[in-house]
Chemist: 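Dumping the structure here so I can ask a few things about it.
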Amino acid sequence: MTDRVRFAPSPTGYLHVGSARTALFNWLHARSTGGTMLLRIEDTDTERNRPELIDVIFRELEWLGIDWDEGPYFQSERAERHRSAVETLLADGRAYLCDAENREVAGSTIRDGLAVRFRTPDEGQVPFTDLIRDDVTFACAELEDFVIWRSNGTPTFLLANAVDDADMAVTHAIRGEDLLSSAPKVLLILDALGHPHPTYAHLPLLVNEQRKKLSKRRDDVSIADYRTRGFLPEAMANYLALLGWGPPDDVEIRPMQEIVSLFHIGDVNKSSAFFDVKKLEHVNATYLRGLPVAEFLERVDPWVTGTDAPWPAERFDRDVLAAFVPLIQEKLRLLGDTPRFVDFLFRKDPALDDASWESAMEKGPAAREMLDGAIAALASCPWEPEALKDAVNEVGEANGLKLGKAQAPIRVAVTGRTVGPPLFEAMAQFMDRDEVLRRLRVARHRLRP
RNA sequence: GCCCCCAUCGUCCAGCGGCCUAGGACGCCUCCCUUUCAAGGAGGUAACACGGGUUCGAAUCCCGUUGGGGGUGCCA
């Protein structure tokens, strides 16, 4: 029999990085063992459910490249199974009805307005094997009688989880460590119902800089946010796979297919991991650099054709961008970095960056002389990168400046920023002489006298 | 409080009794390259929480201490 795993999110918020990592590790286990990945929506909490988020969660999983073989199943559609399991437990005396004050009420069938609690044994142990943590044991005496059925007529997570895992023949429950202490309760239900136990694997938690469990409320962790900031899904998934696990050969950035073939759930480590955006960015930059131009253009499209693009839509030229990409691709960390590297091509006037102007023009050396000199020199020199470079360099030398310093005022005048593409290539291949001269004059005018 | 889990560079990962004067990656620093920024190249910084055992030998096994985290809901 092949392994059957499930990712079982509850639709109470957007998919966040912790859940995505759990989904990914389930998926990795399924794909690396030839098993089956199920998707189950645990929507038993009618108070908190946000049904409109279900499709969003599906889309984020797909975006990450996480697919599933069965489902989605919805716990809310399995109420009869849950109810009959509770009736069985009630009839067997393994559970009891109780009122709002938690007082036991006589009766052996579910009744409106009453909750049902599982009667935990007074003594004994609940040992279980965890693929990541080895043997874990809880004493029954430590387990209070817990609610399995709410007074509003819905099952709790503990009951639904046990029944569904049994019905769906789930063999491996791979989930976050925050659920570790709920395992013995589920196991007790499974035993009382006569069902086998799945094997557990509790993943180390993802934590913030305070080493607290990542929380949707206080931490910026929505997968959607990372997507809109310009992270590539393959970079995101690759990085997520590195949290709690590492390849035996230390090659961290690699195709997911290779990770699948190297992954073993038992190799996952036990301690919590900090989600490090800096490293994520590095991974992303590496993937960005490796993208063929055509592919890059496709991926970056939302950032350059969207309404947020810092230029009038009618001035944007895809062919120009396509030709320009090789000049900047290796400089980007996020897709979202692209606009500010290319905006000067698609605007009438460059978007002047205050800090850049300040450093290159105000306190930078000899900005006036450089602009004046460049305006004169570039008026007649051959319009090609080397000639432009030589011309600017000559003006610089005349003012005692090396090229690095000399080009700064020109760069800011033409592109609006001190950081950008190779200047002379950009000018020679993507702008004409008149436009460059015009921008130099405009900048010079601002600098008067 | 009680229960459970965890403990190697700032961070992530490797290490599964000798190959460890602890390795890789991110970050940071220095230098080289250089038309900015990157990229690339060469270096550097930096860790086995502590105390006891076990063993010829411990980062690796055991116990304890300390520290951190999770749980303790008619949330999941």
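Letters go in sequence order (proteins before strands), and every chain restarts at 1.
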Chemist: Among pairs that include at least one residue of residues 259-285 of chain A, which meet salt bridge (Lys or Arg N to Asp or Glu O under 4.0 Å), considering only residues two or more places apart or in two chains?
Modeler: A/Asp134-A/Lys270, A/Glu252-A/Lys279, A/Glu281-A/Arg333
Chemist: Reckon A/Phe274 touches a base, only the sugar-phosphate, or nothing at all at heavy-atom distances under 4.0 Å?
Modeler: sugar-phosphate
Chemist: Identify each donor-acceptor pair in which a side-chain atom of residues 379-404 of chain A lies under 3.5 Å from a protein atom, sequence neighbours left out, and give them as a table.
Modeler:
residue, atom, partner, partner atom, Å
A/Trp383, NE1, A/Met427, O, 3.3
A/Trp383, NE1, A/Met431, O, 2.9
A/Asn399, ND2, A/Val395, O, 2.8

Chemist: Determine the interatomic distance between C1' on B/C5 and the same-named atom on B/G41; round to the nearest Å.
Modeler: 44 Å
Chemist: How would you label the contact of A/Ala273 with the nucleic acid (heavy atoms, under 4.0 Å): base, sugar-phosphate, or nothing?
Modeler: sugar-phosphate
Chemist: Considering only heavy atoms, which members of residues 96-114 of chain A lie under 4.0 Å from some atom of RNA chain B?
Modeler: A/Asp99, A/Ala100
Chemist: Using a 4.0 Å heavy-atom cut-off, does A/Leu179 contact any base of the nucleic acid, only the sugar-phosphate backbone, or nothing at all?
Modeler: base
Chemist: Contact class for A/Pro421 (heavy atom, under 4.0 Å): base, sugar-phosphate, or nothing?
Modeler: base
Chemist: Check every strand shown and say whether A/Arg133 touches a base, only sugar-phosphate, or nothing at a heavy-atom separation below 4.0 Å.
Modeler: sugar-phosphate
Chemist: For B/A76 and A/Arg48 - does any side-chain N or O of the residue sit under 4.0 Å from the phosphate oxygens OP1/OP2?
Modeler: no
Chemist: Please write out the pairs of protein N or O atoms and N or O atoms of nucleotides 66-69 of chain B separated by less than 3.5 Å, giving the distance to one decimal.
Modeler:
residue, atom, partner, partner atom, Å
B/G69, OP1, A/Lys212, NZ, 2.5

Chemist: For residues 10-21 of chain A, please give each side-chain donor-acceptor pair under 3.5 Å, one per line with the distance, not counting sequence neighbours.
Modeler:
residue, atom, partner, partner atom, Å
A/His16, ND1, A/Gly18, N, 3.4
A/His16, NE2, A/Ser19, OG, 3.1
A/Arg21, NH1, A/Pro204, O, 3.1
A/Arg21, NH2, A/Pro204, O, 2.5

Chemist: Which residues pass the side-chain hydrogen bond (donor to acceptor under 3.5 Å, both in side chains) test with A/Asp353, not counting sequence neighbours?
Modeler: A/Ser356
Chemist: Students often get this wrong, so: under 4.0 angstrom with heavy atoms, is A/Gly176 touching a base, only sugar-phosphate, or nothing?
Modeler: nothing
Chemist: Where the side chain of A/Glu42 is defined as all heavy atoms beyond and including C-beta, which of B/A76, B/A14, B/U35 is the nearest nucleotide?
Modeler: B/A76
Chemist: Any donor-acceptor pair, under 3.5 Å, between the side chain of A/Glu425 and the base of B/U35, if you only look at N and O atoms?
Modeler: yes
Chemist: Report the residues that fulfil side-chain hydrogen bond (donor to acceptor under 3.5 Å, both in side chains) with A/Asn102, sequence neighbours left out, ordered by chain and then residue number.
Modeler: A/Arg117
Chemist: Under the rule for ring-ring contact (aromatic ring centres under 6.0 Å, His included), what residues qualify as partners of A/Trp245, not counting sequence neighbours?
Modeler: A/Phe263
Chemist: Please work out if A/Thr12 contacts a base, only the sugar-phosphate, or nothing of the nucleic acid, heavy-atom cut-off 4.0 Å.
Modeler: nothing
Chemist: Does the pair A/Arg417/A/Asp343 count as a salt bridge with the N-to-O cut at 4.0 Å?
Modeler: yes
Chemist: Using the C1' atoms only, state how far B/A49 lies from B/G69, rounded to an integer number of Å.
Modeler: 16 Å
Chemist: Output all residues satisfying side-chain hydrogen bond (donor to acceptor under 3.5 Å, both in side chains) with A/Arg81, sequence neighbours left out; order by chain, then residue number.
Modeler: A/Asp167
Chemist: Taking only distance into account, with no hydrogens and no angle test, what donor-acceptor pairs under 3.5 Å do side-chain atoms of residues 49-56 of chain A form with protein atoms, sequence neighbours excluded?
Modeler:
residue, atom, partner, partner atom, Å
A/Asn49, ND2, A/Asp43, O, 2.8
A/Arg50, NE, A/Glu52, OE2, 3.3

Chemist: Tell me yes or no: between the side chains of A/Arg4 and A/His172, is some donor less than 3.5 Å from an acceptor?
Modeler: no
Chemist: Among residues two or more places apart or on two chains, list those pairs meeting salt bridge (Lys or Arg N to Asp or Glu O under 4.0 Å) that have a residue in residues 142-153 of chain A.
Modeler: A/Glu144-A/Lys185
Chemist: For the ring pair A/Trp68 and A/Tyr73, is the centre-to-centre distance below 6.0 Å?
Modeler: no
Chemist: Please classify the nucleic acid contact of A/Arg289 as base, sugar-phosphate, or nothing, using heavy-atom distances under 4.0 Å.
Modeler: sugar-phosphate
Chemist: So which one's nearest nucleotide on RNA chain B is more toward 5', A/Tyr239 or A/Lys331?
Modeler: A/Tyr239
Chemist: Base, backbone or nothing for each nucleotide of nucleotides 19-33 of chain B, written B, S, -, heavy atoms under 4.0 angstrom, 5' to 3'?
Modeler: ----BBBSS------
Chemist: Contact class for A/Thr44 (heavy atom, under 4.0 Å): base, sugar-phosphate, or nothing?
Modeler: sugar-phosphate
Chemist: Side-chain donor or acceptor of A/Ser151 under 3.5 Å from a matching atom on the base of B/C74?
Modeler: yes
Chemist: Does the side chain of A/Asn269 get closer than 4.0 angstrom to OP1 or OP2 of B/A14 through an N or O atom?
Modeler: yes
